[in-house]
Amino acid sequence: MLGFPQVSRRSADGFGPRKVDWSLLVIDFHLGHKLIRGPTQRNKYGLKTSPMKLDGVFREKRDMSILSLEVFAPSNAGQTPNAQENELVALFYTFQILESEAPMCRVACVDSTQMKRRSFPSLTLDIFPSELDLINSIVDVVVDLDPDILVGWDVQNSSWGYLAARAHSFGIEFEETIARAPPRYSSGNNFQWESRHTTTLKIAGRHVFNLWRIMRSEQTLNIYTFENVAFHVLGQRVPKYSPLTMSNWYRSTSPVHVAILLRYHTKRTMLNIEILNQTEVVTKTAEFARVFGVDFYSVISRGSQFKVESFMFRMAKPESYVLISPSKSDVGKQNAAECLPLIMEPQSSFYTSPLVVLDFQSLYPSLMIAQNMCYSTCLGRVIDFQGRNKFGVVDLDRPPKRLEKLHDHINVAPNGIMFVKPTVRKGLLSRMLTELLDTRVMVKQAMKGYRHDKALTRVLNARQLGLKYIANVTYGYTSASFSGRMPAVEMADSIVQSGRETLEKAIAFIHSTKKWGAEVVYGDTDSMFIYLQGKSREQAFKIGYEIADAVTALNPAPVKLKFEKVYHPCVLIAKKRYVGFKYENIDDREPIFEAKGIETVRRDGIPAQQKMTENCLKILFRTQNLTEVKQYCYETWTKLLENRAPVQDFIFAKEVKMGTYSDKGPPPPGVAVAAKRTIVDPGDEPQYGERVPYVIARGEPGTKLVDRAVDPLEYLQDPHSSLDGFYYISRVLIPPLERIFNLVGADVRQWYNEMPKARHIDLKSPSKAGDAQVIELDQYNISEHFDRSECLICGNFTLQGDRCYSM
DNA sequence: TAAGCAACCTAC
DNA sequence: TAAGGTAGGTTGCTTA
């Protein structure tokens, strides 16, 4: 580290990592200073700006600002608009400064008879003579408003991406024109990686948010269409219009249709921003950046390794540690891992007495702290392995007599790796983790004190999540075997094996303490499921807390066994699969249904499977009466056989990653459906990682499943097709029930076979119109549901039909 | 018919 | 080029 420039924390042009200042994370530095607001001014768009005085210096207060854009280009023959051919006719944008007043919405469109026909109250329309003028106008808007973030639902194929492609066709260097800085010509651009994971569009000085991809990592949903995300995040129903419908509307003479079109797109730009606000993405990203010590966009675009490293480096530098830079081949030459976490084979059964769940809080970080495990404290193996003393990617060169000297100051991990005790040297990682965990406790404490302040609570909450994140991925960093920058399998093994022994000892201890009458029936890595047969729930809580305290006392600080919850009753099905009624507090009256790993929480089945499994379990838990479960199954199957069940309950949706599948063997159904879709409409190819919906239709006997997978919309339009009821009942609905109810001695398949089926009703729908209605209303949200009470043209609430009296 | 494999998704 | 890890269950299909 000699010769490295000294960088002070306040140095504005300093480079290199700054030291981690933990206290800044606990109390927001804004609070430590008196903020003096300067006179409020308004910019040309009428938005307020006010300079702030901070540390005696006036600076413009800069909250993050967002510009959301969607575009409209009419296409031919119902195809998805294609930037090579289809001209833009309208742009829609909404601008908002975070934490500030109402957003500003505008529409810019190309002069045409449609747009001239009438004015559209409640919409601000800017009309331009040509597409080129339209594009130039948005460039001006971006330059004027100078937003930090550009957002669009799908930045690749529509929104900013479409706009950029159109601009390119006029020879405009769009990205450079709206950039804040000259472009950075980085050599290592990887188009494929970018397009699969973030976005290909890069604007120097601004962040481009590909919203659907952000939502994909933010929310667990069955399908990531704009409509579905808006519904789940905002509770709003929005319609979906096909490219054909929208193109027809634009070309139609009906002012109502043009108005719907304009208001629809405007609404989408607003909802983009509302979704961001609701999910607190910007707050979280900004706070994570502060905690991790990385730039804003890296929080989204880079992996955990980069973040751990950034954090670690900031701690390492003041201590003059240098992180090693092994080559790829050095990393590959590491020893193989030898230790496995403990995952007990559960005693699969239906448990009617309380089952207490305890788990070790942040087990791996705690162990690293407790045993002072770090790159900087490791002394290697007690005995050489294969004639070498390897530690991660390096060979340890331990001076002779070093061990003798340190004799009483060594901890030996269960896998035979030695670490010096903290009295000799406190490890960098353990110090980092100690600070992380302690600071997190303090941040949580501070949150309680500012409960009334929503904005600050959000910030502090994001901060404690960031701290938790780093603590959790630090272990992963040490064991990153194939992509690791600085892995150390021996240390990772030490951690895993210590964890395993900690858990094993706890189990043995619980079994040896007879007064509890407790039996550990399952455990996974850091958790224990303890059965208290014959005990009441109250007793279970009491014993659970007692065990937690006793085990904590047996372990070195900061290892802590925490009381988590009581399941009553509960079914343990297999490793990583269980379900029960959860009580978190002794005075909880109503339990919460909680399932792990089983079909009710998986997204590769269908909604009907989730609902039916969950309902059967609830009946079992509430009544413990199999006759009632059987009754429910009969009703559900009958409903299905009589074709009274809604189609959207039978739609599979799985992620597809086009271009990653092997040619041998048939593709997965979702891929086949997507491929078919792409042939009809090339612009409709699913994005990498998009979830593609399909249903299984009846087909010739012996046909493969892939060949019977159909796009749901296509299925609805085909009057001759019907769902494969046998497949759905026998291969989808029954198996998960079988696995559960086998444990209580019931044969669900037998129930089905015995079920009186009064008459054989073909699953073929008598009239598919019924289905179509259901699916459109609930799944695809036809316009009936959109702003029902609002006039589609002026936005007023005096509705008569589609529009209000004033039109 | 069993065993093996690819693909998915989840728990920790 | 960028990329935390492993364990585990299930389905649908192919191969031995």
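Order of the sequence lines fixes the chain letters, A, B, ..., with proteins taken first and strands second; residue numbering starts at 1 for each chain.
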Provide the Watson-Crick or G-U wobble partner of C:dT11, both distances under 3.5 Å; none if there is no partner. B:dA6

Base, sugar-phosphate or nothing for A:Lys328? Non-hydrogen atoms, less than 4.0 Å. base

Across every strand shown, the nucleotide meeting Watson-Crick or G-U wobble geometry with C:dT1 (both distances under 3.5 Å) is none

Please classify the nucleic acid contact of A:Pro735 as base, sugar-phosphate, or nothing, using heavy-atom distances under 4.0 Å. sugar-phosphate

d(CD1, A:Ile740; P, C:dT10) in whole Å: 11 Å

Aromatic centroids of A:Phe292 and A:Tyr469 separated by under 6.0 Å: yes

With a 4.0 Å heavy-atom cut-off, tell me which residues in residues 601-614 of chain A come close to DNA chain C, sorted by residue number. A:Arg602

Taken to the nearest whole Å, CG/A:Leu733 to P/C:dT11 is 12 Å

Earliest and latest nucleotide of DNA chain B, 5' to 3', sitting under 4.0 Å from a non-hydrogen atom of chain A? B:dA7 to B:dC12

At under 4.0 Å between heavy atoms, what does A:Ser304 touch on the DNA or RNA strands: base, sugar-phosphate, or nothing? base

Heavy atoms under 4.0 Å, any strand shown: does A:Phe306 hit a base, just sugar-phosphate, or nothing? nothing

Taking only Lys NZ, Arg NE, NH1 and NH2, and the carboxylate oxygens of Asp or Glu, determine whether A:Asp724 and A:Arg708 approach each other closer than 4.0 Å. yes

Test side-chain contact (heavy atoms from CB on, under 4.5 Å) on A:Leu733 and A:Leu640 and set out the steps. CA-CA 11 Å; A:Leu733 294 180; A:Leu640 207 163; 3.4 Å; yes

Considering residues at least two apart in sequence or located in another chain, which fulfil the side-chain hydrogen bond (donor to acceptor under 3.5 Å, both in side chains) criterion with A:Glu655? A:Arg216

Residue closer to the 5' end of DNA chain C, A:Tyr477 versus A:Leu340 (nearest nucleotide): A:Tyr477

Salt bridge present between A:Lys676 and A:Asp711 (N-O < 4.0 angstrom): no

State which residues pass side-chain hydrogen bond (donor to acceptor under 3.5 Å, both in side chains) with A:Arg485; sequence neighbours excluded, sorted by chain then number. A:Glu309

Over how many whole Å does the gap from A:Tyr469 atom OH to C:dG4 atom C1' extend? 8 Å

Would A:His568 and A:Phe581 count as a close aromatic pair, with their ring centres under 6.0 Å? no

Can you check the A:Met368 CE to C:dG5 C1' distance for me, whole Å? 13 Å

Using the P atom on both, measure B:dC12 against C:dG4 and round to a whole Å. 22 Å

Sequence neighbours left out, what passes side chain to side chain contact (heavy atoms under 4.5 Å, CB included) with A:Glu594? Give chain and number order. A:Lys565, A:Tyr567, A:Lys582, A:Lys596

Any Lys/Arg nitrogen of A:Arg577 or A:Glu599 sitting under 4.0 Å from an Asp/Glu carboxylate oxygen of the other? yes

Checking all strands, does A:Val308 fall into the base, sugar-phosphate, or nothing category for heavy-atom contacts under 4.0 angstrom? nothing

Tested for ring pair (Phe, Tyr, Trp, His ring centres under 6.0 Å) against A:Tyr522, the lone hit among A:Tyr351, A:Phe529, A:Tyr531 is A:Phe529

Whether A:Arg314 engages the ring of A:Phe311 as a cation-pi pair (distance to the six-membered ring centre under 6.0 angstrom, angle to the ring normal within 45°) should be assessed. yes

Find the distance A:Asp493:CG to C:dG5:P and express it as a whole number of Å. 15 Å

Are A:Lys562 and A:Phe360 in a cation-pi setup, meaning NZ or CZ lies under 6.0 angstrom from the ring centre and within 45 degrees of the ring axis? no

According to a strict under-4.0 Å criterion, is A:Ser479 in side-chain N/O contact with OP1 or OP2 of C:dG5? no

Scan A:Gly597 against the nucleic acid and name what it touches under 4.0 Å (heavy atoms): base, sugar-phosphate only, or nothing. sugar-phosphate

Which nucleotide in C:dT6, C:dG4, C:dG9 has an atom nearest any side-chain atom of A:Ser481: C:dT6

Stretch residues 294-303 of chain A: residues that reach within less than 4.0 Å of DNA chain C through a heavy atom: A:Arg302, A:Gly303

Check the distance between C:dC13's C1' and A:Asp707's CG and give it to me in whole angstrom. 12 Å

Sugar-phosphate only, base, or nothing, as touched by A:Phe652 at under 4.0 Å among non-hydrogen atoms: nothing

Regarding A:Arg739, tell me which of base, sugar-phosphate or nothing describes its non-hydrogen contacts under 4.0 Å with the strands shown. sugar-phosphate

Classify the ring geometry of A:Tyr728 against A:Phe652: parallel below 30°, tilted from 30° to 60°, perpendicular beyond 60°. parallel

What integer distance in Å separates A:Tyr728:OH from C:dG12:P? 11 Å

Mind checking A:Ser662 for me? I need base, sugar-phosphate or nothing, with any heavy atom below 4.0 Å counting as a touch. sugar-phosphate

Give a yes/no on whether any side-chain N or O of A:Lys576 is located under 4.0 angstrom from OP1 or OP2 of C:dG8. no

For A:Lys468, is the NZ atom crowded, meaning more than 12 foreign heavy atoms sit under 6.0 Å from it? no

Heavy atoms only, 4.0 Å cut-off, all strands: where does A:Phe360 land among base, sugar-phosphate and nothing? nothing

Taking the same atom, P, in C:dG5 and in C:dT1, what whole-Å distance lies between them? 16 Å

Can you check the A:Ile734 CD1 to C:dT11 P distance for me, whole Å? 12 Å

